[in-house]
Amino acid sequence: MPNFIVSFSLLPLHTHLSTMAPPRSPPLATTTSTMLLLLLVLTVFPSATLQQQSDLDSDCTNRWIHIRHLPSRFNLDILTNCSTAHHPFSDDFCPYISNHGLGTKTHNQSHSWFRTDPSLLELFFHRRMLEYPCLTADPAAADAIYVPYYAALDSLHYLYGPDYNSSSQHGLHLYNFLRYDDSPEIWLNNHGHDHFLVLAGSAWDFSQPLGNDPPLWGTSFLELPEFFNVTTLTLESRAYPWQEQSIPYLTSFHPPNLALFDSWTKRVRRSRRSTLMLFAGGGGISSTPNVRRSIRLECDNSSKIENTTQKTNQYSKLCEFIDCSNGICEHDPIKFMKPMLHSSFCLQPPGDTPTRRSTFDSILAGCIPVFFEELSARKQYGWHLPEDQYHEFSVTIPKEDVVFKGVNVLEILKGIPRSVTRKMRDKLIEMIPRIMYRKHGSSLGLRTKKDAFDIAIEGTLQRIKARLDDVSDK
């Protein structure tokens, strides 16, 4: 049986790190010296060994994972190019690298809330992989092989930098390393079918046809035949490629222990819901008919409804709009979490793409998500949000009915009895662990609850096993 002692040269887990006093929150401008310090922390013990904890479940049958060792150009070096100096038309993500991708705390006394950027899921997922209890140094003994490549972050210089015209090359350097440079037998053993990686973005942004000339938006990473066998965990997948699977967005809630988790869920359960529905987002200001425009018009008109109607429904406010245009809410969860805690329903209309981080924020707040198309969640997150249970925790109103048939969202939601909303909220609270990412180094008590990472790994192992079985039968 494989060893629990595994050697790494990247992001070592040192037993004393979780007990160190947290650093003061840095300013939003990250200096070069800060970045160098970060790299020192990440690589200070290049040959450290990691004793995996198997207190929760010592049975690693069909669960062994090997982590491919990649040169730093595929991960750490990418983090040093985090400023707009390297990709001037993209956002500066340097301030959010701290805490292994969770970002700085929302305030100094916070233990569970961070200014997290979802685009750093690749870094955080890598950190959590080092805590996985069934790691093996022997790739031949592994049931799956994790590739710690920060694919979405690496795409920035193709999207915004001087390599824009070569965006069809995104990923080829990784393939050449895996296939030819680093123990080729690891790849050739199953031709990549047992490999998986994380892609912190929408699959559509990495699906540019290889023959586009001139290139359009995005890279061709997912269109490379070389990676067709690799399982890819994305924030938003397309409907047809078997190898893509959506996993939840990173939110700002990352509790380190069970007490803090329980404290939050008690607050969610006790919170007084004085607002019927809430929409936190942007858009909807154009004259072109779309679901966001319809929602904003409803919110504007709701203030004209008679007070007697409001009292009858026991809500002091029928609709609240939180303007999150231009990303002003993205790293400040206080702006939207408090209003969500006081709302019964949170609207999740599609934007540039079908999915939204707000879906998972609303679940954390016990605010029942209202979807307007199936691709927003039902056809995306089957591992974490079972498709046959959506009627128990969400509402679906086809966007076409709202935009073109005059269906009134407020009237539909007002017609749902409070007793039903309470049952739906209870179901949401039950599902919170499934969509949150607990903090690395969390307590054993909290680890008894499977979080988004645990479920993603479980689903990946099952998918790879099924795929390998299918390939062997042919």
Side-chain angles (χ1 to χ4, degrees), residues 91 93 95-107 110-125 127-128 152 198 200-202 233-236 246-257 260-265 267-268 271 278-281 322 324 327-343 346-348 351 353 355-369 371 376-377 380-381 383-385 393-394 425 428-440 442 446 449-456:
D91 293 332
F93 61 87
Y96 313 109
I97 291 176
S98 59
N99 287 312
H100 299 276
L102 298 186
T104 58
K105 296 179 178 181
T106 52
H107 55 277
S110 174
H111 297 286
S112 301
W113 291 91
F114 299 81
R115 302 187 186 279
T116 304
D117 192 310
S119 65
L120 290 167
L121 175 61
E122 294 156 348
L123 169 59
F124 179 69
F125 201 96
R127 177 60 177 81
R128 282 289 305 274
V198 177
S202 169
L233 306 181
T234 69
L235 297 180
E236 177 178 295
S246 299
I247 61 176
Y249 284 72
L250 278 175
T251 65
S252 293
F253 182 60
H254 311 285
N257 58 54
L260 288 169
F261 171 79
D262 287 342
S263 175
W264 174 253
T265 55
R267 180 179 178 184
V268 172
S271 185
L278 175 142
F279 171 48
I322 307 296
C324 290
I328 61 173
C329 301
E330 189 170 6
H331 305 114
D332 190 0
I334 296 175
K335 286 183 182 293
F336 53 85
M337 288 305 296
K338 284 188 175 181
M340 283 182 173
L341 281 169
H342 297 294
S343 302
C346 285
L347 309 186
Q348 306 299 340
T353 63
T355 65
R356 307 184 70 213
R357 166 184 165 167
S358 177
T359 294
F360 304 100
D361 293 322
S362 69
I363 294 174
L364 283 177
C367 186
I368 299 164
F371 299 115
S376 291
Q380 297 279 350
Y381 306 104
W383 292 353
H384 296 79
L385 303 174
F393 64 84
S394 70
R425 186 166 300 111
L428 279 183
I429 295 172
E430 175 188 318
M431 299 179 74
I432 286 177
R434 300 179 64 86
I435 58 90
M436 75 172 190
Y437 292 87
R438 64 177 180 265
K439 192 175 185 293
H440 48 274
S442 59
L446 186 56
K449 296 181 179 292
K450 290 183 180 180
D451 74 341
F453 171 87
D454 296 325
I455 294 170

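Just so it is clear, the values below take in all heavy atoms, side chains as well, and ignore hydrogens, waters and symmetry mates. Only a predicted model underlies this, so the values are computations on that prediction, with no experimental measurement involved.
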Test of ring centre spacing under 6.0 Å for F360 and Y381
yes

Would you say the side chain of I334 lies within less than 4.5 Å of the side chain of W113, judging by non-hydrogen atoms?
no

For Y437 against P248, the heavy-atom pair lying closest together:
OH-O, 2.7 Å

To check you understand the geometry: which heavy-atom pair defines the closest contact between P118 and E330, and what is its length?
CD-OE2, 3.9 Å

Step by step, would you call D454 with R128 a salt bridge (charged side-chain N to carboxylate O under 4.0 Å, His left out)?
CA-CA 9 Å; D454 296 325; R128 282 289 305 274; 3.7 Å; yes

Closest approach of W264 and A365, non-hydrogen atoms and distance?
CZ2-CA, 4.5 Å

Where do L102 and K439 come nearest, in terms of heavy atoms and distance?
CD1-CG, 3.9 Å

Does one side chain, of T355 or Y249, offer a donor that lies under 3.5 Å from an acceptor on the other?
yes

If we ignore hydrogens and angles and just use 3.5 Å, is the side chain of S376 paired with the main-chain N or O of F371 as donor and acceptor?
no

Given 3.5 Å as the limit, does a donor-acceptor pair link the side chain of H384 with the main chain of A452, or not?
yes

Distance in Å, T251 OG1 paired with M337 CE, rounded so as to fall on 0.5 Å steps
7.5 Å

Between L233 and W383, is a side-chain contact (heavy atoms from CB on, under 4.5 Å) present by the stated rule, with each step listed?
CA-CA 11 Å; L233 306 181; W383 292 353; 3.9 Å; yes

Contact check, side chains of S246 and T234, non-hydrogen atoms, under 4.5 Å:
yes

Determine whether S358 and F336 make a side-chain contact, defined as any pair of heavy atoms from C-beta on separated by less than 4.5 Å.
no

Qualifying residue for side-chain contact (heavy atoms from CB on, under 4.5 Å) with I429, from V268, I363, L364
V268

Would you compute the distance between atom CD1 of I328 and atom NZ of K335 and round it to the nearest 0.5 angstrom?
5.5 Å

Please test F453 against R438 for side-chain contact (heavy atoms from CB on, under 4.5 Å), starting from the C-alpha separation and ending with a verdict.
CA-CA 8 Å; F453 171 87; R438 64 177 180 265; 5.7 Å; no

To the nearest 0.5 Å, tell me how far D117 CG sits from H331 NE2.
3.5 Å

Return the NE2 to NZ distance between H111 and K105, rounded to the nearest 0.5 Å.
6.0 Å

Quick check: closest heavy atoms across C367 and S343, and the distance to 0.1 Å?
SG-O, 3.6 Å

Please report the C-alpha distance between S110 and R115 in whole Å, then the side-chain angles of each, then the deciding distance to 0.1 Å, and finally whether the side-chain hydrogen bond (donor to acceptor under 3.5 Å, both in side chains) criterion is met.
CA-CA 11 Å; S110 174; R115 302 187 186 279; over 6 Å; no

4.5 Å side-chain heavy-atom contact, L385 and F393:
yes

State, with a plain yes or no, whether a side-chain heavy atom of F253 is found less than 4.5 Å away from one of F261.
yes

Is there a donor-acceptor pair closer than 3.5 Å between any side-chain N or O of E122 and the backbone N or O of A152?
yes

Could you state the interatomic distance from CG (D361) to CD1 (I435), rounded to the nearest 0.5 Å?
8.0 Å

About how many Å separate CG of L123 and CZ of F93, when rounded to the nearest 0.5 Å?
9.5 Å

Do the side-chain N and O atoms of S252 and R357 include a donor-acceptor pair separated by under 3.5 angstrom?
yes

Within the 3.5 Å criterion, strictly below it, is a donor on E236 or T353 matched to an acceptor on the partner's side chain?
yes

Looking only at heavy atoms, what is the nearest atom pair of M436 and L446, with distance?
CE-CD1, 4.1 Å

